Structure formats: structure tokens, C-alpha cells
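A, B, ... follow the sequence lines: proteins, then strands. Residue 1 opens every chain. A quick note: this is a predicted structure, and the numbers were derived from the prediction, not measured.
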There are 2 protein chains.
Amino acid sequence: MSVTIKDIAKLAGVSHTTVSRALNNSPLIQEETKERIRIIAEQMDYSPNFSAKSLVLDRSYNLGLFFTTLSNGTSAGFFYEAIRGVNSVIQDRYQLIVKGIDDYTGFHSITRKSFDGIIIVSQSDEDQAIIDHIANKGIPLVVLNRPVTTTGVLNVLSDEEQGAFLAGSYLIEQGHTRIALIEGRQGFKSAQNRKDGFERAMKQFQITIPSVYRMPGLYDLESGHRAMQKFLALDERPTAVFCCNDEMALGAMKAVSEAGMHVPNDISVVGFDDTVFAAFVTPALTTVRRPIEQISKEGALRLLGNIENKQHETEQLLLKTELIVRESVRSLSS
Amino acid sequence: MSVTIKDIAKLAGVSHTTVSRALNNSPLIQEETKERIRIIAEQMDYSPNFSAKSLVLDRSYNLGLFFTTLSNGTSAGFFYEAIRGVNSVIQDRYQLIVKGIDDYTGFHSITRKSFDGIIIVSQSDEDQAIIDHIANKGIPLVVLNRPVTTTGVLNVLSDEEQGAFLAGSYLIEQGHTRIALIEGRQGFKSAQNRKDGFERAMKQFQITIPSVYRMPGLYDLESGHRAMQKFLALDERPTAVFCCNDEMALGAMKAVSEAGMHVPNDISVVGFDDTVFAAFVTPALTTVRRPIEQISKEGALRLLGNIENKQHETEQLLLKTELIVRESVRSLSS
DNA sequence: GAAACTATTGTTAACGTGTGCATATATGTG
DNA sequence: CACATATATGCACACGTTAACAATAGTTTC
């Protein structure tokens with residue numbers, strides 16, 4: 001069926017060993033022989049059988065890119081940027097295998113032989129099981145987006161606690177004191193970090209948050225919408241709401257306008273993530289940008305370093321977040 | 001290093017062939033022998049080497065999922081839904097390899113041996129080269145999202161022309177006659193189809209579109225924003241604008257509010273795609289929904305059928321789009 | 001009781017590639 | 001000229017798995 005190095009060997013009148021060496025540009029082979037073989041290979045439209053290569057070289061040329069889930073709770077923009085970042089680094093040296101961790105029934109199929117390295121974009125503590133499994137098997141691994149202390153594992157993430165602190169501080173600086181919080185999806189580390197940073201800001205400025213100013217959320221539009229409705233129904237409404245991601249902020253803004261009110265005049269809103277549409281909603285959303293694409297690039301880069309140099313670096317890299325001020329927060333101080 | 005069937009064979013006191021058969025549940029092997037071997041395999045934490053399997057079985061267990069581009073012009077939501085749809089169908093029978101077609105320097109590495117099947121989510125006529133290459137190699141292929149006539153290729157897409165026709169007709173039914181168009185990215189088939197459907201509606205109701213009511217677009221927020229600015233600067237402004245996707249519609253709405261005007265009171269806007277945020281912007285966007293996740297599911301399903309039953313169906317499946325009426329269009333007829 | 005059959009397991013080769021070692025030829029060295 | 005040395009190629013095996021065929025033992029058939 002398809003052309004093999006033996007077919008080429010026959011045509012070139014050499015052994016298949018010579019063909020193999022020639023196509024791998026081995027210094028053992030004479031330059032003109034190489035060239036002759038290359039031309040024949042080209043003419044025969046040869047392309048190597050990667051299964052055979054993998055078998056003998058003990059490298060799969062596969063890179064796993066695993067998300068906590070593909071079904072729900074992962075925002076499209078997040079997903080897209082992560083894949084794009086990794087993809088831009090690996091080019092065509094590796095094949096990128098995308099998977100949701102919650103799709104795995106067992107981790108049996110994850111072996112050294114089937115993955116040269118793995119990138120986990122982790123959003124939940126529950127990913128620890130697969131992280132342990134992979135680390136145990138000795139497969140080079142980088143965990144993105146969530147802090148992890150497993151030894152021998154690379155870790156790249158943004159400092160979300162700091163980002164939320166920025167957002168909280170900003171609201172206070174603008175003169176707000178009645179500040180509410182819509183939390184992220186329970187069990188997601190990011191939800192915890194963002195809440196922590198926000199609360200640190202409140203504490204630093206000695207502002208207390210009554211329990212009616214806290215609502216749980218699911219990182220989706222609907223939950224932001226519901227939470228804001230609750231806030232608006234209060235006798236003493238908050239003057240500002242910090243939403244743990246942009247989607248919930250969007251839902252919240254929707255609830256405001258449905259109530260016949262306006263952002264930011266009646267109530268201020270801050271988001272988190274700086275998703276593509278944040279700049280284009282009305283009013284444009286003030287939010288915290290975290291460098292997802294950069295995280296995944298740095299992560300992929302370091303992983304490749306570990307794979308190809310057989311080294312074993314395990315540093316943790318923390319990338320700074322940034323407050324993007326737009327129009328959704330009103331200044332009360334002036 | 002890792003456990004092979006030969007290691008198991010030694011421990012079980014049988015030949016490696018027997019182990020292979022036992023683990024593949026061959027009827028040739030005695031039931032108790034099978035069970036004994038299964039237990040030993042389990043204890044030794046055996047997992048098969050897929051490269052070796054692939055080599056001898058001539059199946060890679062890889063499915064390619066190729067997008068026209070991962071860099072630009074593919075919206076995050078589109079990307080996400082497509083992957084999710086395909087992923088939900090293949091479960092863990094195959095590995096999903098995601099790639100941007102424009103990342104390929106050559107198609108050399110795409111062979112029967114490295115992909116059991118390929119799904120192309122095509123957004124441009126320029127993908128024809130890779131489609132031909134794959135069809136030529138005899139690899140089972142399904143092309144999603146764009147019509148294709150190559151023989152032996154499955155094709156699943158939504159009827160975008162019909163969707164745009166719905167949108168155009170709806171505007172007219174609401175009493176609009178001065179209707180403008182922001183086009184999609186040049187070279188993308190969808191851009192052509194949407195324009196065609198829109199124009200068919202205009203023609204049917206004998207409405208003509210002056211050339212100043214047409215602006216090119218790039219499917220992104222910025223181009224929608226710019227185009228709307230142009231429309232607003234006209235002496236005789238349109239009363240409604242059909243944007244060839246939601247992102248441009250969002251940009252357009254932004255331009256309206258920047259000009260101190262309001263959607264839909266001053267000008268109506270219709271989008272296309274029904275992206276997640278369409279329902280949550282203010283005002284909620286009237287748009288056309290195309291069933292991307294369903295398209296990718298159906299496509300994956302049919303591809304697997306062709307692969308696993310070695311059949312060769314090549315039907316074209318056209319899924320209906322749907323107009324989602326929300327709040328961004330004003331009725332002029334009342 | 002020999003022949004034919006069945007059930008179970010083993011032997012061997014094959015998939016396509018890379019590599020250690022042997023071989024052959026050309027080149028230099030004293 | 002004999003010997004060492006460098007250069008270029010081939011031989012044989014390995015990687016881990018499956019499968020065609022062979023072999024063995026037990027069972028049925030007439």
C-alpha cells in the first residue's frame with residue numbers, strides 16, 4: 001500500500017538501513033547518496049510511519065492538553081486562548097491531543113509511551129488524582145492556571161489573588177463602601193483565590209461585607225443574573241459589585257438594565273478575565289486581565305524544555321494580572 | 001521499563017500470544033486462563049503499547065480535528081462548541097488531535113497511518129487543497145460548516161443562506177426599508193452565503209441596497225464598530241443593520257451608544273451565530289442560531305460510521321438555522 | 001481402536017523503523 | 001608493502017503487538 005524505506009532501498013539499490021540514515025541526515029552517509037535517496041523518496045511520495053518510529057524510538061510525538069472539563073464550567077474564550085497559546089509554541093513538532101479530564105473513565109491509557117508530555121489546564125482541586133498519576137508515571141508535566149505542589153511538576157499560573165485585590169482596592173479608592181461579591185464556581189481554585197484577594201482588599205481598608213452582600217455563582221451568565229437580582233431587591237443596595245468573572249458580570253449588568261437602572265450610575269460592576277467582549281459591551285466592563293495565552297505559551301515552552309533536554313525543572317511561575325479600567329465603575333469620591 | 005505482554009506471559013507460564021488473545025477476549029482461550037491472565041495484568045499495572053498495536057493493526061486511533069485557522073478569524077465560541085460536539089461522540093475510543101490548517105507547512109505528515117479519520121471545520125475555500133490531499137490518500141473525511149462537492153467526502157453544515165434570508169425577511173416584516181449590511185470576512189464561504197441569503201430577502205421584497213449601505217467586515221468586534229460608525233455618519237442613516245456575525249453586531253452596537261444613540265430605538269441591529277453573550281447584552285441581540293454543536297456531533301457520528309463499518313457514505317446533510325428574536329430590532333409598522 | 005474432529009496453546013513471522021556491530025573499500029603512514 | 005585508519009555501507013536484531021499456521025491433547029465417530 002504505502003511506501004516504506006524498503007521500497008526506496010530497492011529502487012536506489014541500497015539497504016534500507018542506508019535509506020533510514022540518509023533520510024535522518026546521518027553523517028555516516030555520503031552526501032551524494034543522501035541526495036539521491038532524498039530525491040527518490042520525494043518522487044515516491046514517501047512519508048514515515050510514525051507508529052514504527054514511535055515503537056523503536058520510544059517517543060510518541062504526542063502532547064496531551066487536558067482540561068478539567070470540556071462540558072461545562074470552562075469558558076469558550078479561556079479554552080480558545082489556551083489551545084492557541086500552546087499550539088503556537090509546538091508548531092508541527094508534536095501532535096496536540098485535547099481532552100477533558102472528566103471524560104476519562106480510567107487513566108490506564110495515559111502512559112509514557114503514548115504521551116511525550118502533558119499540559120493540564122486545571123480548574124479544580126479534583127484534578128489532583130490525574131496529576132499524581134501522571135507524575136507517578138514519570139511523564140513530563142506542566143500544570144497551568146492552578147497552583148500545585150506535587151514534586152517534579154512544572155507550574156505556571158497567574159496571580160489571581162493579586163488581581164482580585166487590585167479590583168477590590170480600586171472600588172474602594174473610587175469611594176465605594178457598600179460592596180458586594182458574586183463568587184465563582186465552588187470547588188474551582190480560582191473561585192477561592194479571587195474571593196481571597198477581594199477580601200484582603202476589604203480587610204486592608206477595614207470594610208466589612210454583610211452576608212447579604214455575598215452570593216454564590218457558577219461562572220455563567222445565568223448565575224450572575226440571578227445574584228444581581230437578589231442584590232437589587234435589597235433595601236440597602238450595594239453601590240458596587242465585584243463579579244468573579246466577566247460572564248457573571250455580563251449577566252449582572254443585564255439584571256440591572258432589566259430593573260430599569262443603569263451601570264455605572266446606579267450601581268458599579270467589575271468583572272474578571274477580560275474576555276473579548278468586555279471592551280464592547282455597554283458600558284465597557286472594568287475587569288482584571290489574566291494572561292492566559294502567555295501562561296499557556298510559557299507552560300508549553302518549559303515543558304518542551306524538560307522533554308527535549310531531559311532536564312527536570314520544576315519551578316513555579318507566577319504571572320502578574322492587570323486591572324483594566326473602563327466604564328462600568330462610577331467614582332463616588334468626587 | 002514498562003510491562004509488556006511478554007512479562008505477563010513469563011509470570012503466567014504461557015506464551016505471549018496467549019496473553020495477547022486473553023486480553024483481547026479471544027474465544028480461542030479458555031475462560032479460566034483468561035481470567036488468570038487478566039488478574040496478573042492488572043496486578044502488574046499493564047497497559048498496551050499503542051504504537052505497537054497501531055503498527056500491526058494499521059489503525060492509529062487518532063482522529064484529526066482541523067480548523068481553517070487557530071490564529072484569527074475563528075471565534076472562540078465556535079471553536080469551543082465544535083470541539084465539544086466531536087468530543088462527546090468519540091468518548092475515549094479515539095484521540096482527538098486539534099490543529100490549524102494554516103499551521104501546516106506541508107501535508108506530508110497526514111497519512112492513512114497517522115489518522116483513522118479527519119474532521120475539517122472549514123471556513124474558507126482555501127481549505128480545498130488539504131481536502132483534496134486527504135481525499136486522495138483515501139482517509140475517511142467529513143467536512144463541516146462549508147459546502148464541498150469533492151467526491152467521497154461527507155459534508156455536514158447549516159443552511160446559512162436560509163438563516164440570513166430569515167433575518168432579512170424579518171427586518172422587512174418589521175417595516176424596515178433602509179437596511180444596511182456589514183459583511184463577513186472575505187474568502188470565507190459563510191460570508192458569501194449570508195450575504196446571498198440577505199440579498200435574496202431584499203430582492204423578494206423589492207428593496208434595493210445602496211452601495212453606501214454595504215460595508216466589508218472581518219468578523220471581529222473592531223470591524224463591526226468601524227462599519228457602524230460609517231453608517232451613522234451618513235445623511236440618510238439606515239434604520240436597521242444586518243451584521244454577518246454577532247461579534248460585529250456587538251461592535252456595531254457599541255458604536256451606536258458611543259454616538260449617544262440607542263438600539264433599537266434609533267437603529268435596529270441583527271446578528272448571526274447566537275453566541276453565548278447574545279442573550280445578555282443590552283439590548284439582547286436578535287440573531288440567527290446555527291447548530292454548531294449538533295453539526296459537529298452529526299459529522300463525527302457519520303465519520304465513525306464510515307471508519308468502523310468501512311463503508312463510504314458521502315451524503316450531504318444540511319441542518320436548519322433558526323431566527324432568535326430578542327430586543328435589538330424595532331418594529332416600524334405599528 | 002484408528003481416524004477425524006475440537007479445543008486450547010505455542011511457534012514463528014510480520015508490521016516499519018533505528019542502531020550496534022561487522023564488513024568492504026579507500027586513504028594514509030612508516 | 002604491510003599495516004593502521006577513516007569512510008561508507010550492509011547485516012541482523014530489536015521495539016511490542018497480532019495472526020497464520022502448527023502442535024498437542026482430549027473427544028467423538030464408525
Note to self: Nearest whole Å is fine: how far is C/dC15 P from B/Asn49 CG?
What the structure shows: 18 Å
Margin query: Whether the side chain of A/Asn62 engages the backbone of A/Ser114 through a donor-acceptor N/O pair (distance < 3.5 Å, no angle test) should be reported.
Written below: yes
Margin query: On the nucleotide C/dT17, are OP1 or OP2 found under 4.0 Å from the side-chain N or O atoms that A/Tyr46 carries?
Written below: yes
Check: Between the side chains of A/Thr18 and A/Ser15, is a donor N or O closer than 3.5 angstrom to an acceptor N or O?
Finding: yes
Next item on the list: Indicate the ring-plane relationship of B/Phe66 and B/Tyr104, choosing parallel, tilted or perpendicular according to the 30° and 60° boundaries.
Entry: perpendicular
Note to self: Looking only at the side chain of A/Thr18 (C-beta and beyond, no hydrogens), which of the listed nucleotides D/dT9, C/dT17, D/dT17 gets closest?
What the structure shows: D/dT9
Next item on the list: Pick base, sugar-phosphate or nothing for B/Thr4, based on heavy-atom distances below 4.0 Å to the nucleic acid.
Entry: sugar-phosphate
Note to self: Considering every strand and a 4.0 Å limit on heavy-atom distances, what is the contact class for A/Thr33: base, sugar-phosphate, or nothing?
What the structure shows: sugar-phosphate
Margin query: Holding to ring pair (Phe, Tyr, Trp, His ring centres under 6.0 Å), I want the full list of residues that pass it with A/Phe79, two or more places apart in sequence or in another chain.
Written below: A/Phe67, B/Phe79, B/Tyr80
Check: Taking NE2 from A/His16 and C1' from C/dA14, how many angstroms apart are they, rounded to a whole number?
Finding: 14 Å
Next item on the list: Specify the separation, in whole Å, of atom CG of A/Asp58 and atom P of C/dG16.
Entry: 20 Å
Margin query: Under a 3.5 Å distance rule, please check whether A/His108 uses its side chain to pair with a backbone N or O of B/Ser47 as donor and acceptor.
Written below: no
Notebook entry, point to check: Quick one: on DNA chain C, does B/Glu31 or A/Leu55 contact a more 5' nucleotide (nearest heavy atom)?
Noted result: B/Glu31
Next item on the list: Taking only heavy atoms on the protein side, list every residue of residues 34-44 of chain B lying under 4.0 Å from any atom of DNA chain D, sorted numerically.
Entry: none
Item checked: Residue mapping more 5' on DNA chain C - nearest nucleotide basis, B/Val56 or B/Gln30 -> B/Gln30
Next item on the list: Take the protein atom NZ of A/Lys6 and the nucleotide atom P of C/dG18, then report the distance between them rounded to whole Å.
Entry: 12 Å
Margin query: Quick check with a 6.0 Å cut-off and a 45 degree axis cone: is A/Arg112 positioned over the face of A/Phe115's six-membered ring?
Written below: no
Next item on the list: Report the distance from atom CZ of B/Arg59 to atom P of D/dG16, rounded to the nearest whole Å.
Entry: 22 Å
Note to self: Has A/Asp7 got a side-chain atom pairing as donor or acceptor with A/Thr4's backbone, closer than 3.5 angstrom?
What the structure shows: yes
Next item on the list: Pull out every residue in residues 19-29 of chain A that has a heavy atom closer than 4.0 Å to any atom of DNA chain D, ordered by number, or say none.
Entry: A/Arg21, A/Leu28, A/Ile29
Margin query: Under 4.0 Å from OP1 or OP2 of C/dG18: is there any side-chain N or O of A/Lys53 that close?
Written below: yes
Item checked: Spacing between A/Phe50 atom CZ and D/dG16 atom P, to the nearest angstrom -> 20 Å
Check: Okay, side chain of B/Asn87, backbone of B/Ile83: is any donor-acceptor separation there less than 3.5 Å?
Finding: no
Margin query: Would you say B/Ser122 and B/Arg146 are linked by a side-chain donor-acceptor pair, where the criterion is simply a distance under 3.5 Å?
Written below: yes
Next item on the list: In whole angstrom, give the distance that lies between atom CD1 of B/Ile5 and atom P of D/dA14.
Entry: 16 Å
Notebook entry, point to check: Atom CD of A/Glu32 to atom C1' of D/dT7: distance rounded to whole Å?
Noted result: 13 Å
Note to self: Treating B/Lys34 as the side-chain partner and B/Asn24 as the backbone partner, does any N or O pair qualify as donor plus acceptor under 3.5 Å?
What the structure shows: no
Notebook entry, point to check: If each of B/Thr17 and B/Ser51 is mapped to the nucleotide of DNA chain D with the nearest heavy atom, which maps nearer the 5' terminus, i.e. the 5' end?
Noted result: B/Ser51
